[in-house]
Amino acid sequence: MIVVRDATARDVEAIRDVFQATYGRDYPYRQFYDLDALTRLVYNDHQLLLVAEDVNSHRVVGTASVVLEVGALSDLVAEFGRLAVLPSAQGIGLGRMLMNERLHRVRDRVHVALVEARLARSHSLRIAETSGFVPVGLLPLTMQMGERENFCLLAQHFGEALSLRRNHPHVIPEVYPLAQVALAHCSLPGDTIVDDSSPAYPEAQDLVLREFTTEGYATLLRIERGRVRHREIFGPLQLHHGLFKLRAEQSQYLLALDRDRIVGAIGWSQNPVDPMLRVFELIALDDGVARFLLAGLERTRREQGRISSIEVDVSAYAPRMQRTLLELGFLPSAYIPAMVFSEVERLDIVRMVKLYVPPEFSATTASDRVRAIADVVLPPFFSRHVLPDIERAVSELPLFCGLDRDQVRRLSSVCRTREFAEGEPIIEEGGLDRTLYILLDGEATISRAAISQVVGVVRAGECLGEMSLLTGQPHSASACATRTTKTATLTHDELTALVRFRPDIGLIMFHNLAIGLGAKLGRAPVVGLAASKPE
């Protein structure tokens, strides 16, 4: 018989042994391997630590916890994590027992519960979903478990959380698809308003960065923007929590100075065994200072040591900050409804991530809901990895002639990447996939069945399928990779969604298509599929 109960100081060695048996040396939260740290967790009022005990042998066979300080104190947000079950006791439902007990203990104490579930092992993901948690994001390579792994972020709301939610968030187009999926998973209306006109913040000139010292504390407390009003970035800590707490949580600040006058600061924290940074506060006198601090943090941390990613929780009602982060290389990875409490309402949050390692994804046992989240989160990360190549290729194609730098960047950001092996067909004559293929590397031969011979070659910087993309006509020829060929792809649905928000891009493309059609009428027999070469 198994019982789940509160952990006591007598259990700390057994808890450590469970983690070591389950994760070996790979678990990133090292306090669970430290007896003194575990003892402090037992008596910590802001963390619930449970154990599963076999009453016959009096042996601890599993453990789990709830961290009640994931958000600020008034946010009432908890993270369900730190789950471990002895390998010899797995398969008998201990994980579900520990989850049910945690939910029972804290559902009256929190408004939002979060779970970060490993995709490499689907068991914890299944437990979370069957316990009422729903996927709201995917955190790419967020944690080191031997190797860096992808995690699914799941949420569940309690009490008055959703009735206090502020409606009609204003999000940039790049956030919109993720927001719609996450809201639907939480049984909320898709009430987001797309804002594609708010510009990013400019970067202030002639500012300098400096490490935070106690001398600047009082000055920063007098700056209201980002602390007590016009808050756009949220996290579990704030400057007014006090220096002792900030240092205890291994948090730091960088200052922005204008001629020795403090004009802002950015707060961030980092797990000592993990190169991932999390920004939790941004204090700034004006827009330019905000962008300067975000760019400065990334630059200085990369100069001082290796980092794998930076996470920022930005308000879903702050499109200018979302746009600024996007321009700095951050991408939306999660959308959490009613995540934080601000003034008299709960606000939705967009988690944006800048990734410095190549993204990967493999989750063959993931549920349909998890795949729906992955389908909108991951493609931009894959595209961002080769975005300069895509931008360069797009800007040189006649179909996109006349697009300015911003338009090229917006178009490139919705492209995905796909690789074809030698001999693999890219498009087939008579097919209708309504996809544009831009060759980034490699080459392909073009052939027609009626002629039974190669009639052309497409190389890097050229494209295939533009007529099918825009007009819906079947492909009039086939194209086959002659060696490993990397392409950027743009589907008709992706283009339609982009043009709905940016009709200026569609106007230029269709204008170029009309010109191209006239030029192609008297040319090669591969009408609609001839390589588009820069002129």
Side-chain angles (χ1 to χ4, degrees), residues 168-181 183 189-202 316-327 330-332 335 350 352 375-377 379-380 383-384 387-388 390-417 432-438 463-473 487-520 528 532 534-535:
H168 301 303
H170 284 62
V171 300
I172 59 177
E174 292 81 0
V175 170
Y176 177 79
L178 173 59
Q180 294 299 97
V181 174
L183 288 169
D191 61 349
T192 48
I193 296 172
V194 176
D195 186 324
D196 197 35
S197 59
S198 295
Y201 291 144
Y317 310 82
R320 293 196 69 188
M321 179 58 77
Q322 297 166 31
R323 174 65 59 198
T324 301
L325 288 165
L326 191 78
E327 288 192 0
F330 290 78
L331 293 170
Y335 188 93
V350 183
M352 300 188 70
D375 285 345
V376 295
V377 170
S383 296
R384 177 72 66 174
L387 190 59
I390 297 176
E391 289 183 358
R392 185 163 46 252
V394 165
S395 64
E396 293 176 350
L397 290 171
L399 180 61
F400 307 116
C401 179
L403 296 178
D404 61 28
R405 182 179 178 184
D406 174 67
Q407 291 168 328
V408 167
R409 181 176 297 165
R410 294 299 302 280
L411 177 65
S412 301
S413 68
V414 301
C415 291
R416 307 188 184 203
T417 57
L432 183 59
D433 61 2
R434 303 205 71 174
T435 300
L436 176 74
Y437 297 88
I438 304 169
C463 69
L464 295 163
E466 69 270 30
M467 290 294 293
S468 179
L469 171 78
L470 296 173
T471 68
Q473 296 180 4
T487 68
T489 67
L490 178 67
T491 68
H492 179 266
D493 289 344
E494 290 164 344
L495 177 61
T496 300
L498 173 64
V499 170
R500 185 163 61 246
F501 301 126
R502 292 296 299 265
D504 54 320
I505 295 176
L507 183 64
I508 293 173
M509 289 180 62
F510 280 99
H511 172 75
N512 291 338
L513 174 64
I515 295 174
L517 276 174
K520 287 183 177 182
S532 298
E535 297 177 351

- Message: If we ignore hydrogens and angles and just use 3.5 Å, is the side chain of Glu174 paired with the main-chain N or O of Gln322 as donor and acceptor?
- Response: no

- To the nearest 0.5 Å, tell me how far Leu411 CG sits from Ile438 CD1. 7.0 Å

- Query: Donor-acceptor pair, Thr435 side chain versus Leu490 backbone, under 3.5 Å?
  - Reply: no

- Any side-chain heavy atom of Ser468 within less than 4.5 Å of one from Gln473? no

- Message: Can you tell me which residue among Ile172, Val175, Leu325 is in a side chain to side chain contact (heavy atoms under 4.5 Å, CB included) with Val350?
- Response: Val175

- Task: Give, for atom CZ of Phe400 and atom CE of Met509, the distance between the pair rounded to the nearest 0.5 Å.
- Result: 4.0 Å

- Any side-chain heavy atom of Leu183 within less than 4.5 Å of one from Tyr335? yes

- How long is the span from the CG atom in Asp375 to the CG atom in Leu178, to the nearest 0.5 Å? 11.5 Å

- Message: Between Thr487 (side chain only) and Tyr437 (backbone N and O only), is there a donor and an acceptor less than 3.5 Å apart?
- Response: no

- Message: Side chains of Glu466 and Leu397, heavy atoms from C-beta outward: is any pair under 4.5 Å?
- Response: no

- Compare every heavy atom of Leu436 with every heavy atom of Gly465, then report the nearest pair and how far apart it is. C-CD1, 4.1 Å

- Do side-chain atoms of Asn512 reach the backbone of Cys401 as a donor and acceptor pair under 3.5 angstrom? yes

- Item | Side chain to side chain, Thr192 and Gln180, heavy atoms closer than 4.5 Å | yes

- What is the minimum heavy-atom distance between Tyr176 and Val194, and which atoms define it? CD1-CG2, 3.3 Å

- Task: With the side chain counted from C-beta on, respond yes when Leu331 and Leu326 share a heavy-atom pair under 4.5 Å apart, and no when they do not.
- Result: yes

- When rounded to the nearest 0.5 angstrom, what distance separates SG in Cys463 from CD in Glu396? 12.0 Å

- Note on the structure: Heavy-atom nearest pair, Ile193 first then His168, reads CD1-CB, 3.9 Å

- Item | Point-to-point distance, once rounded to the nearest 0.5 Å, from CG of Leu403 to CD of Glu391 | 11.5 Å

- Query: Do you know which two heavy atoms are closest between Met321 and Tyr201, and how far apart they sit?
  - Reply: CE-CE1, 3.8 Å

- Query: If you round to the nearest 0.5 Å, how far is OG1 of Thr491 from CZ of Arg416?
  - Reply: 7.0 Å

- Looking only at heavy atoms, which two atoms of Ser198 and Arg320 are closest? And how far apart? CB-CG, 3.6 Å

- Specify the closest pair of heavy atoms between Gln407 and Gly402, including all atoms of both residues, with the distance to one decimal. OE1-O, 4.0 Å

- Message: Can you confirm whether Arg323 sits close enough to Asp196 that some side-chain heavy atom of one is under 4.5 Å from a side-chain heavy atom of the other?
- Response: yes

- Query: Below 4.5 Å, heavy atoms only, C-beta onward: do Asp191 and Pro169 meet side chain to side chain?
  - Reply: yes

